[in-house]
Structures are given as C-alpha cells and as structure tokens.
Chemist: 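So that we are looking at the same thing, I have put the structure below in structure tokens.
Bear in mind the structure is a predicted one, so any value in this text is a computation, not a measurement.
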Amino acid sequence: MTMRAVDIIAKKRDGQALSAEEIDFFIQGYARDEIPDYQAAAWCMAVLLRGMTHEETTALTLSMARSGKQLDLSDVAPLVADKHSTGGVGDKVTMALGPVVAAAGQPVGKMSGRGLGFSGGTLDKLESIPGWSAERSEQEFKQQIREIGLVVAGQTRELVPADRKLYALRDVTATVPSLPLIASSVMSKKIAAGANVILLDVKVGVGAFMETLEDAVELAETMVAIGRLAGRRVAARVTDMNQPLGRAVGNALEVKEALATLRGEGPPDFTELILTEAAHLLMMCERADDEQSARRAVEETLSSGTALEKFRAFVAAQGGDPAVVDEPDRLLPQAPVQQDLLSPRAGYLSAVNARVFGMTTVHLGGGRLRKGDPIDRSVGVVLHAKIGDYVEKGQPLCTIHARNEADAAQAAEELLAAYDWSEQPVSPPALIKRTIQPDDIP
Ligand code: URA
C-alpha cells in the first residue's frame with residue numbers, strides 16, 4: 001500500500017509509534033517539497049503532543065541527517081570539535097567558545113541555526129557584523145577549518161534540508177519545545193556536519209525549551225545516546241537558563257559582549273561557562289592530560305589575546321569586517337533609543353525571568369514572529385543586575401535598546417514582570433547543573 005502523509009499524521013495524532021519507514025517517507029518527502037508545510041506543521045504538533053519512543057527519535061534523527069549530504073572531515077583533521085546549545089536567552093557561547101578552543105589548537109567546525117521562538121540564533125547574531133556571511137560551500141567549510149581552525153556556517157541546501165525547513169516551521173507554529181524534535185534537530189545537524197567530538201549544552205529553566213531538570217537530563221541523555229550510535233564522541237552539560245546568560249540579550253549586543261569576553265572583560269558567569277566548556281572540549285579531544293592543564297590552556301588564550309585574534313581571522317574569512325574587533329561600537333548596528341528600566345523597589349533580586357527577556361527582544365524586532373520575517377539586529381536589552389544582586393529603589397535594572405520610544409515603553413512594561421525581589425539575601429543559581437558522559441548511559 002502506498003504511504004500517505006495524512007495517515008502518518010493521523011497515526012501520530014492518535015498516539016501510535018511510527019515505523020522507521022513511515023518517518024523516513026515523511027521526512028524525505030518534506031525535504032523534497034513533496035509534502036507541504038501545512039502537513040509538516042500538523043505532524044510537528046502531533047509529535048509535540050504525543051511524543052516519540054527512543055527508537056522513533058533515533059530513526060527521525062538518522063532520516064533527517066540523510067535528507068542531504070553528510071560531510072566527511074577525516075581529510076581535514078583527525079578530530080574536529082563542535083559544540084551545540086539547545087537554545088537560550090543571551091546564549092552567545094559559540095561566538096566566544098569557538099575562538100577559544102581554536103586558539104588552543106583544536107579545530108572547530110560548526111553548523112549553527114537562527115533564532116527560534118524566544119531564543120536567539122548564532123547566525124542572526126554574527127550577521128550583525130557588516131559583511132559576515134554564514135554561507136559556506138563544502139569546500140570553503142573544509143578549507144577554513146584547515147587554514148583558521150574555526151568555521152561557523154549556516155545550513156546549506158545540501159546539508160540537512162529537512163531540519164532547515166522544519167526549524168523555520170517550528171519557530172512559528174509553537175512546536176519548538178518537544179524533546180524528539182529538539183534532539184533530532186540538533187543531532188541530525190551534528191552528524192551531517194561531520195565533527196567527531198561534540199559537546200552539547202542543554203539549557204534548563206524558564207528561558208529554555210526544557211524547563212525541568214528531569215526533562216533536560218532526558219534530552220541530554222537521548223542526544224548523547226544518538227551520538228554514540230552514530231559513532232561520535234559526545235558529552236552534554238545541563239546548564240542554567242533561568243536568567244539570561246551574561247548581560248546582553250539581542251543580536252549585535254551579544255556580539256559586543258562576546259568580544260568583550262574574548263578580551264577578558266566579559267561577565268563572570270558567561271566567562272566561567274566558556275572556560276569550563278572549552279576545557280571540557282579540549283579534554284574530549286585529548287588535547288590536555290587533565291582538567292587543570294586544559295583550564296590553563298583556555299585561560300591563556302584570553303590573557304594572550306590569541307582567542308581575540310582567532311575571532312578576527314574567522315570574521316575576515318567569512319567576509320566580515322575584521323575591524324569590528326577593535327571598533328564594535330562604530331561597526332555594529334546601534335538602536336536609536338536607549339532607555340533605562342529603574343527598579344521600583346529595593347531588595348535582593350530573586351527572579352530575572354530569561355523567557356521574558358527573550359520574548360521582549362522578539363517584540364522589539366530582534367526575532368521573528370513569522371517564518372522569514374526580517375529582524376533588527378540593533379535592538380535588545382543589557383542587564384545591570386542579576387539574581388542575588390541587591391538593588392536600591394530607582395537603580396537601573398537594565399537598559400532597553402529600541403527602535404523608538406513607544407517600543408521602549410512597551411518593553412519596559414513587559415520586562416518589569418520579569419523581576420522579583422526578596423528582603424532576604426538570595427544565592428545566584430548554579431550555572432552547571434549536570435554533566436552527562438556516554439558511559440553514564442546504559
Ligand atoms: N537547537 C536546534 O538546533 N534545534 C532545536 O530544535 C532547538 C535548538
């Protein structure tokens with residue numbers, strides 16, 4: 001009997017497990033434009049509501065990876081490293097971690113995504129740099145790893161077309177926060193892009209797609225297990241996303257903060273995450289004998305300026321203006337209106353809701369509400385206080401970067417709801433909640 005997309009949607013809607021053949025029929029059909037967006041959207045919603053078995057998620061991942069070309073990087077370097085985040089607010093890790101790891105001598109080849117729902121995307125951020133392009137052919141991708149040791153590319157038509165289409169569709173159909181859809185999206189890209197050592201940063205909290213530790217750990221374990229099955233060295237860190245990471249939220253603002261971090265002047269929480277994850281990747285790539293020496297090697301890339309120089313070379317290689325490293329204020333887009341949000345009361349901050357910051361940045365124009373919407377890279381928010389900090393009444397909590405006064409006023413109203421205060425001292429949330437190694441999984 002010939003398969004039909006509508007029957008596959010109905011089967012999932014009714015809570016049944018799909019066979020690998022049915023999943024492959026649907027995914028390859030969608031990637032080839034034979035199945036339309038509306039059926040794929042209905043299918044994504046059915047998967048979100050009904051879930052998938054471990055076998056289905058694995059079949060989905062492998063089918064997505066097969067929807068296009070799969071890179072073989074063995075002729076480029078014995079080990080190529082990659083790191084991938086499941087998405088958060090203020091998550092500019094790739095822009096700082098890539099240069100640090102590459103400057104420590106370990107080649108990094110990465111395929112990144114765009115903003116998704118309330119979470120920003122690395123490509124949207126890097127495109128704030130005049131001239132910088134995410135488009136790399138296979139040959140350019142490989143050549144850049146060889147010559148500079150660092151490449152961050154977008155999904156080409158050739159690599160994982162199924163994810164490229166599904167990712168944009170999920171963004172605007174409220175079908176992002178689904179464990180099988182996230183796991184398959186991340187791991188299909190990782191498998192197809194060819195890196196053999198992969199560190200996953202699974203975000204957990206109100207500003208992440210996984211809000212509970214239990215769900216985040218399950219997602220992390222699922223992805224590590226899929227990676228192992230595909231013959232890759234994969235580990236995962238579950239990290240906090242209750243408040244924005246670092247201080248900047250918004251495309252160009254985050255590039256500026258990543259640059260400051262590479263200069264050794266970044267926010268402490270963000271800097272710590274970068275150094276820890278970079279050291280972990282070096283260990284996974286057997287570039288260091290123990291944690292201390294890995295940590296020393298990554299710290300050295302900041303203090304010596306080699307990480308910053310790596311960023312410069314990387315920007316230039318992808319067509320961007322390398323002077324952005326020295327003059328970010330002149331070269332990155334700046335919003336015309338900058339307005340402080342003042343604290344209406346004194347106290348210790350007990351909540352700085354990351355999701356509200358992400359959504360407000362989308363409303364300011366920094367993210368998409370419909371597939372293909374243009375975005376304004378200049379807008380966003382810069383935080384001046386985070387959970388655990390004491391603030392006086394009238395002290396600036398954050399600065400809103402907006403296109404006009406009306407947008408800034410609307411953002412101020414939204415952001416006020418992100419905060420909560422306590423009379424008692426509050427400890428900041430621990431940044432790293434869990435580390436998952438392949439051996440931890442049965
Ligand atoms: N990152 C991805 O690449 N895909 C998702 O679905 C979520 C985060």
Chemist: Does atom CD of Glu291 have more than 12 heavy-atom neighbours from other groups under 6.0 Å away?
Modeler: no
Chemist: Determine whether the aromatic ring centres of residues Phe209 and Phe118 are separated by less than 6.0 angstrom.
Modeler: yes
Chemist: Please evaluate residues Leu281 and Leu97 with respect to the criterion side-chain contact (heavy atoms from CB on, under 4.5 Å), reporting the C-alpha separation (whole Å), side-chain torsions for both, the decisive distance (0.1 Å), and the verdict.
Modeler: CA-CA 10 Å; Leu281 254 181; Leu97 179 115; 4.0 Å; yes
Chemist: Can any side-chain N or O of Asp373 pair as donor or acceptor with the backbone N or O of Leu369 at less than 3.5 Å?
Modeler: yes
Chemist: Are more than 12 heavy atoms, taken from residues, nucleotides or ligands other than Glu34, located less than 6.0 Å from that residue's CD atom?
Modeler: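 More than 12 heavy atoms, drawn from other residues, nucleotides or ligands, come within 6.0 Å of this atom.
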Chemist: Should the heavy atoms of other residues, nucleotides or ligands under 6.0 Å from CD of Glu214 be counted, would the total exceed 12?
Modeler: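 No - once you tally the heavy atoms of other residues, nucleotides and ligands closer than 6.0 Å, there are 12 at most.
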Chemist: Does any N or O in the side chain of Arg228 come within less than 3.5 Å of the main-chain N or O of Arg233, such that one atom is a donor and the other an acceptor?
Modeler: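 Flag not set: sc Arg228 to bb Arg233 has no pair under 3.5 Å.
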Chemist: Is any NZ, NE, NH1 or NH2 atom of the basic residue among Asp163 and Lys189 found under 4.0 Å from an Asp or Glu carboxylate oxygen of the other?
Modeler: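 Salt bridge flag = yes for Lys189 with Asp163.
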Chemist: Quick check: closest heavy atoms across Ala335 and Ala402, and the distance to 0.1 Å?
Modeler: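 Shortest heavy-atom contact: CB-O, 3.4 Å.
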Chemist: Give the minimum heavy-atom separation between Gly88 and Ser119, together with the two atoms involved.
Modeler: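 Closest approach of Gly88 to Ser119, heavy atoms only: O-CB, 3.3 Å.
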Chemist: For residues Val255 and Pro328, determine if any side-chain heavy atom of one lies less than 4.5 Å from a side-chain heavy atom of the other.
Modeler: no
Chemist: Check this for me, if you would: do Glu22 and Lys11 make a salt bridge, where the nitrogen-to-carboxylate-oxygen distance has to be below 4.0 angstrom?
Modeler: yes
Chemist: Does the pair Arg312/Glu309 count as a salt bridge with the N-to-O cut at 4.0 Å?
Modeler: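 Here Arg312 pairs with Glu309 in a salt bridge, since their nearest N and O are under 4.0 Å apart.
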Chemist: How about CG on Asp289, more than 12 heavy atoms from neighbouring residues, nucleotides or ligands closer than 6.0 Å, or not?
Modeler: no
Chemist: Between Arg232 (side chain) and Ile191 (backbone), is there a donor-acceptor pair under 3.5 Å?
Modeler: yes
Chemist: Might you point out which heavy atoms bring Gly109 and Phe141 nearest each other, and give the distance in Å?
Modeler: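 Gly109 and Phe141 have their closest heavy atoms at C-CZ, 3.9 Å.
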Chemist: Using a strict threshold of under 4.0 Å (side-chain N to carboxylate O), is an ion pair present between Glu56 and Lys12?
Modeler: yes
Chemist: Closest approach of Thr399 and His384, non-hydrogen atoms and distance?
Modeler: OG1-NE2, 2.6 Å
Chemist: Is the shortest side-chain N to carboxylate O distance from Asp201 to Lys83 below 4.0 Å?
Modeler: no
Chemist: Could you tell me whether the side chain of Ile432 reaches within less than 4.5 Å of the side chain of Leu273, counting heavy atoms only?
Modeler: yes
Chemist: Using the test side chain to side chain contact (heavy atoms under 4.5 Å, CB included), find all partners of Thr306 that sit at least two apart in sequence or belong to another chain.
Modeler: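 Partners of Thr306 under the side chain to side chain contact (heavy atoms under 4.5 Å, CB included) test: Ala103, Thr301, Ser304.
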Chemist: May I ask you to decide whether Glu127 forms a salt bridge with Arg377, counting only side-chain N to carboxylate O separations under 4.0 Å?
Modeler: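 Yes.
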Chemist: I'd like to know if Asp171 and Arg368 make a salt bridge, using a cut-off of under 4.0 Å between side-chain N and carboxylate O.
Modeler: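 No, Asp171 and Arg368 are not salt-bridged.
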Chemist: Can you see whether Arg237 engages His280 through a side-chain donor-acceptor pair at a distance of less than 3.5 angstrom?
Modeler: yes
Chemist: How far apart are the C-alpha atoms of Val108 and Val151, what are their side-chain angles, what is the distance that settles it, and do they pass the side-chain contact (heavy atoms from CB on, under 4.5 Å) test?
Modeler: CA-CA 7 Å; Val108 177; Val151 59; over 6 Å; no
Chemist: Let's go through Lys256 and Asp329 carefully: what are the C-alpha distance in whole Å and the side-chain angles of both, what is the deciding distance for side-chain contact (heavy atoms from CB on, under 4.5 Å) to 0.1 Å, and is it a yes or a no?
Modeler: CA-CA 8 Å; Lys256 200 172 148 188; Asp329 286 332; 2.8 Å; yes
Chemist: Treating Asp82 as the side-chain partner and His84 as the backbone partner, does any N or O pair qualify as donor plus acceptor under 3.5 Å?
Modeler: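 A pair under 3.5 Å: no.
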Chemist: Got a donor-acceptor contact below 3.5 angstrom from the Lys92 side chain to the Ala248 backbone?
Modeler: yes
Chemist: Taking side-chain hydrogen bond (donor to acceptor under 3.5 Å, both in side chains) as the cut-off, I'd like each qualifying pair that reaches into residues 265-274, sequence neighbours left out, listed once.
Modeler: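 The answer is Asp269-Lys386, Glu272-Thr276, Glu272-Arg295.
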Chemist: Would you please say whether a donor-acceptor pair under 3.5 Å links the side chains of Lys203 and Thr239?
Modeler: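 A donor-acceptor contact under 3.5 Å links the two side chains.
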Chemist: Taking 4.0 angstrom as the limit, do Arg434 and Glu221 come out as a salt bridge?
Modeler: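 So Arg434 does not pair with Glu221 through a salt bridge.
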Chemist: Under 3.5 Å, is there a donor-acceptor pair between the His401 and Ser378 side chains?
Modeler: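 The criterion, which ignores hydrogens and geometry beyond distance, is not satisfied for Ser378 and His401.
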Chemist: Where do Ala31 and Ser67 come nearest, in terms of heavy atoms and distance?
Modeler: CB-CB, 4.0 Å
Chemist: Between Asn196 (side chain) and Val80 (backbone), is there a donor-acceptor pair under 3.5 Å?
Modeler: yes
Chemist: CZ of Arg4: more than 12 outside heavy atoms within 6.0 angstrom?
Modeler: no
Chemist: Output, in order, the C-alpha distance, side-chain angles, deciding distance and verdict of salt bridge (Lys or Arg N to Asp or Glu O under 4.0 Å) for Glu147 and Lys142.
Modeler: CA-CA 9 Å; Glu147 288 175 3; Lys142 288 183 168 185; over 6 Å; no
Chemist: Classify the ring geometry of Phe26 against Trp43: parallel below 30°, tilted from 30° to 60°, perpendicular beyond 60°.
Modeler: parallel
Chemist: Does the side chain of Leu383 reach to within under 4.5 Å of the side chain of Val249, using non-hydrogen atoms?
Modeler: yes
Chemist: Donor-acceptor check, side chain of Lys310 to backbone of Gly98, threshold 3.5 angstrom: yes or no?
Modeler: no
Chemist: In Å, rounded to the nearest 0.5 Å, how long is the span from CD1 of Ile145 to CG of Leu150?
Modeler: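 One finds 9.0 Å between CD1 of Ile145 and CG of Leu150.
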Chemist: Considering the options Val352, Asn242, Val356, Val89, which one meets the side-chain contact (heavy atoms from CB on, under 4.5 Å) requirement together with Val206?
Modeler: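 For Val206, the side-chain contact (heavy atoms from CB on, under 4.5 Å) test succeeds with only one of Val352, Asn242, Val356, Val89, which is Asn242.
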Chemist: Is the closest side-chain donor-acceptor distance between Ser63 and Asp24 under 3.5 Å?
Modeler: yes
Chemist: Is it the case that the side chain of Ser184 and the backbone of Leu181 share a donor-acceptor pair, with hydrogens and angles ignored and the cut-off at 3.5 Å?
Modeler: yes
Chemist: Got a donor-acceptor contact below 3.5 angstrom from the Asp440 side chain to the Gln437 backbone?
Modeler: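 Judged by distance alone, yes, a pair lies under 3.5 Å.
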Chemist: Without hydrogens or angle criteria, can the side chains of Gln318 and Ser133 be said to hold a donor-acceptor pair below 3.5 Å?
Modeler: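 Distance-only check fails for Gln318 and Ser133.
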Chemist: What's the verdict on salt bridge (Lys or Arg N to Asp or Glu O under 4.0 Å) for Arg164 and Glu158, showing C-alpha distance, side-chain angles and the deciding distance?
Modeler: CA-CA 10 Å; Arg164 190 174 46 78; Glu158 291 155 9; over 6 Å; no
Chemist: side-chain contact (heavy atoms from CB on, under 4.5 Å), that's the test. Do Asp376 and Leu364 meet it? Break it down for me.
Modeler: CA-CA 8 Å; Asp376 184 335; Leu364 282 166; over 6 Å; no
Chemist: So, the side chain of Gln106 versus the backbone of Glu286: is there a donor-acceptor pair under 3.5 Å, distance only?
Modeler: no
Chemist: Taking all non-hydrogen atoms of both residues, which atom of Val324 and which atom of Leu331 are closest, and how far apart?
Modeler: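 Closest approach of Val324 to Leu331, heavy atoms only: N-CD1, 3.5 Å.
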